[in-house]
Number of protein chains: 2
Amino acid sequence: MAHSIDEVLKVHGLKITSTRKRVLGLYYQSDHALAHSDIEGQLDGEFDRVTLYRTLAAFEEKGIIHKVLDESGSVKYSLCNSSCQEDRHQDHHLHFQCEKCGNTFCLEGVHIPAPELPGGYQLSDWYMLAKGICQSCAVA
Amino acid sequence: MAHSIDEVLKVHGLKITSTRKRVLGLYYQSDHALAHSDIEGQLDGEFDRVTLYRTLAAFEEKGIIHKVLDESGSVKYSLCNSSCQEDRHQDHHLHFQCEKCGNTFCLEGVHIPAPELPGGYQLSDWYMLAKGICQSCAVA
DNA sequence: TCTTTAAATGCAACAGCGTTTCAGTAAAAA
DNA sequence: TTTTTACTGAAACGCTGTTGCATTTAAAGA
Ligand SMILES: [Mn+2]
Ligand SMILES: [Mn+2]
Ligand SMILES: [Zn+2]
Ligand SMILES: [Zn+2]
């Protein structure tokens, strides 16, 4: 890891607080996207739930994490790669939701090119989700 | 239209009720995906909100409508094409969410092929969302 | 190091989405 | 027409996410 957690926060112009250090630590440890409820579960009662929502919003705004859409019904986030900026996220990779464990993974190795649009539509961003069985669940 | 609304309900093994006729009518009229809140708004007070949720769930289960994921945070649905079955939806087309009007459109003409997955992942379904400005909003 | 200030936090309250249970009603089958 | 089955309406509930406001804490300045 090139930067420590404290440095990541500092670089993105965020005050270094215990909430932010704990939450960001969870994202660095996880191999799949985490929702607010996951964070709340792992940090049982350590912080107020509103603070956690605001922490996630701040991280997203600064380009530290990005939203991961899936069919779970709640918003998940994953760490952004280094090319993500505060104003512009660059994460055109595949997202994979496992139907067994429910986890959703960023498959950064699978690049998703821009789709061709019919005339009259103007493209600004795109997103791809695959579903199936993940590596861990496949062997189990 | 090959079938009337009543016939569509009958063919899919659903009782023909006034709720279902009104709701399905809205989907046939709309050029974009409709959420529960849209339905509720257009049928102001005509039916109980729980009934509308159950109506949508029944339509989806029978392959009449399919879920349309976007960033709106609530579940939207659109009419399935004729190749959709009760057990298996076949709608690998592009979905487009307009950042101006918020509407999400099924672009049935834009086919989305299966993504290539890294070893160990098993694919069962996939989904693609594009964002930008829709035709109507682009000219306005 | 102490003080100031700007930002982050905790708490309470609230709104929206979606589900469950159960009693009453309506559609379809007999 | 009667019986059966499924659908509906109403109330209650849980979960997700937001807002306002008072308090606390981090960081900057003296
Ligand atoms: Mn990702
Ligand atoms: Mn569609
Ligand atoms: Zn899995
Ligand atoms: Zn539009």
Side-chain angles (χ1 to χ4, degrees), chain A residues 4-26 33-62 64-77 86 102 104, chain B residues 4-26 33-62 64-77 86 102 104:
Chain A
S4 74
I5 286 184
D6 284 27
E7 282 172 328
V8 170
L9 292 173
K10 200 166 193 178
V11 161
H12 289 89
L14 291 171
K15 282 191 179 176
I16 298 168
T17 69
S18 59
T19 316
R20 289 172 177 171
K21 288 200 280 191
R22 296 284 275 119
V23 173
L24 190 49
L26 292 181
L34 300 175
H36 173 273
S37 61
D38 299 318
I39 304 289
E40 201 177 12
Q42 291 189 53
L43 303 180
D44 188 40
E46 202 170 329
F47 305 99
D48 188 86
R49 46 189 292 280
V50 178
T51 302
L52 297 179
Y53 277 116
R54 287 192 275 227
T55 300
L56 297 177
F59 286 179
E60 193 202 6
E61 203 179 304
K62 298 298 183 180
I64 299 176
I65 59 179
H66 64 274
K67 273 200 180 120
V68 176
L69 294 185
D70 66 14
E71 298 192 339
S72 71
S74 58
V75 183
K76 294 178 177 174
Y77 298 93
E86 177 161 353
T104 300
Chain B
S4 74
I5 286 184
D6 284 28
E7 281 172 329
V8 171
L9 292 173
K10 199 167 194 177
V11 162
H12 288 90
L14 291 171
K15 284 191 178 175
I16 297 168
T17 69
S18 60
T19 314
R20 287 170 177 172
K21 289 201 279 190
R22 295 284 275 119
V23 173
L24 191 49
L26 291 182
L34 299 176
H36 172 272
S37 59
D38 299 318
I39 304 288
E40 203 178 11
Q42 291 189 51
L43 302 180
D44 188 40
E46 203 171 328
F47 304 99
D48 189 86
R49 48 189 290 279
V50 179
T51 301
L52 297 179
Y53 277 117
R54 286 192 279 228
T55 300
L56 297 178
F59 287 178
E60 193 200 8
E61 203 178 304
K62 298 298 183 179
I64 300 175
I65 58 178
H66 65 274
K67 274 201 180 120
V68 176
L69 295 186
D70 65 15
E71 299 191 341
S72 71
S74 58
V75 184
K76 293 178 180 176
Y77 298 93
E86 176 161 355
T104 300

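Atoms considered below: every heavy atom in the structure, side chains included; atoms not considered: hydrogens, waters and symmetry mates. Order of the sequence lines sets the chain letters (A, B, ...), proteins ahead of strands, with each chain counted from 1.
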field: Within residues 35-43 of chain B, residues whose heavy atoms come under 4.0 Å of DNA chain D
entry: none
- request: Output the distance between atom NZ (B/K67) and atom OH (B/Y77), rounded to the nearest 0.5 Å.
  value: 5.0 Å
message: Run the salt bridge (Lys or Arg N to Asp or Glu O under 4.0 Å) test against B/R22 and tell me which residues pass, sequence neighbours left out.
response: B/E46
field: Set of side chain to side chain donor-acceptor pair (under 3.5 Å) partners for A/E71, sequence neighbours left out
entry: A/K131
Partners meeting side chain to side chain donor-acceptor pair (under 3.5 Å) with A/S74 (sequence neighbours left out): none
field: Contacts of B/Y53 that satisfy ring-ring contact (aromatic ring centres under 6.0 Å, His included) - sequence neighbours left out
entry: B/H36
- line: Sequence neighbours excluded, the answer for side-chain contact (heavy atoms from CB on, under 4.5 Å) partners of B/V11 is none
d(NE2, A/H12; P, D/dA27) in whole Å: 16 Å
Write out a two-atom table: protein N or O, nucleotide N or O from nucleotides 10-12 of chain D, distance below 3.5 Å.
none

Under the salt bridge (Lys or Arg N to Asp or Glu O under 4.0 Å) test, residues paired with A/E40 that sit two or more places apart: none
Heteroatom pairs (N/O) under 3.5 angstrom, protein to nucleotides 25-30 of chain C:
| unit_1 | atom_1 | unit_2 | atom_2 | d |
| --- | --- | --- | --- | --- |
| C/dA27 | N3 | B/K15 | NZ | 3.4 |
| C/dA28 | OP1 | B/I16 | N | 2.9 |

field: Derivation of the side-chain contact (heavy atoms from CB on, under 4.5 Å) call for B/L56 and B/V75
entry: CA-CA 10 Å; B/L56 297 178; B/V75 184; over 6 Å; no
Interatomic distance where CD belongs to B/E60 and C1' belongs to C/dG18 [whole Å]: 14 Å
query: CG of A/L69 to CG of B/L69: how many Å apart, nearest 0.5 Å?
result: 7.0 Å
task: Kindly write out the residues that satisfy salt bridge (Lys or Arg N to Asp or Glu O under 4.0 Å) with B/D70, not counting sequence neighbours, or none if the list is empty.
output: B/K76
query: Mind checking what makes side-chain contact (heavy atoms from CB on, under 4.5 Å) contact with B/T51, not counting sequence neighbours?
result: B/T19, B/D48, B/T55
field: Bending between helix ends of the helix from C/dT1-D/dA30 to C/dA30-D/dT1 [5 pairs per end, 10° resolution]
entry: 30°
message: Using whole Å, what does the distance between atom P of nucleotide D/dG9 and atom CZ of B/R20 come to?
response: 11 Å
- line: Tightest non-hydrogen contact, residues B/A58 and B/L14, listed as CB-CD2, 4.2 Å
- prompt: Given C/dT9, is OP1 or OP2 found less than 4.0 Å from the side-chain N or O atoms of A/T19?
  reply: yes
task: May I have the distance from B/L52 (atom CG) to C/dT19 (atom C1'), rounded to whole angstrom?
output: 14 Å
- request: Would you mind reading off the distance between B/K21 atom NZ and D/dT8 atom P, rounded to a whole angstrom?
  value: 12 Å
- request: For A/T51 and for B/V75, locate the closest nucleotide of DNA chain C by heavy-atom distance; then report the residue assigned to the nucleotide nearer the 5' terminus.
  value: A/T51
- prompt: Between B/L26 and B/L34, which heavy-atom pair has the shortest distance, and what is it?
  reply: O-CD1, 3.8 Å
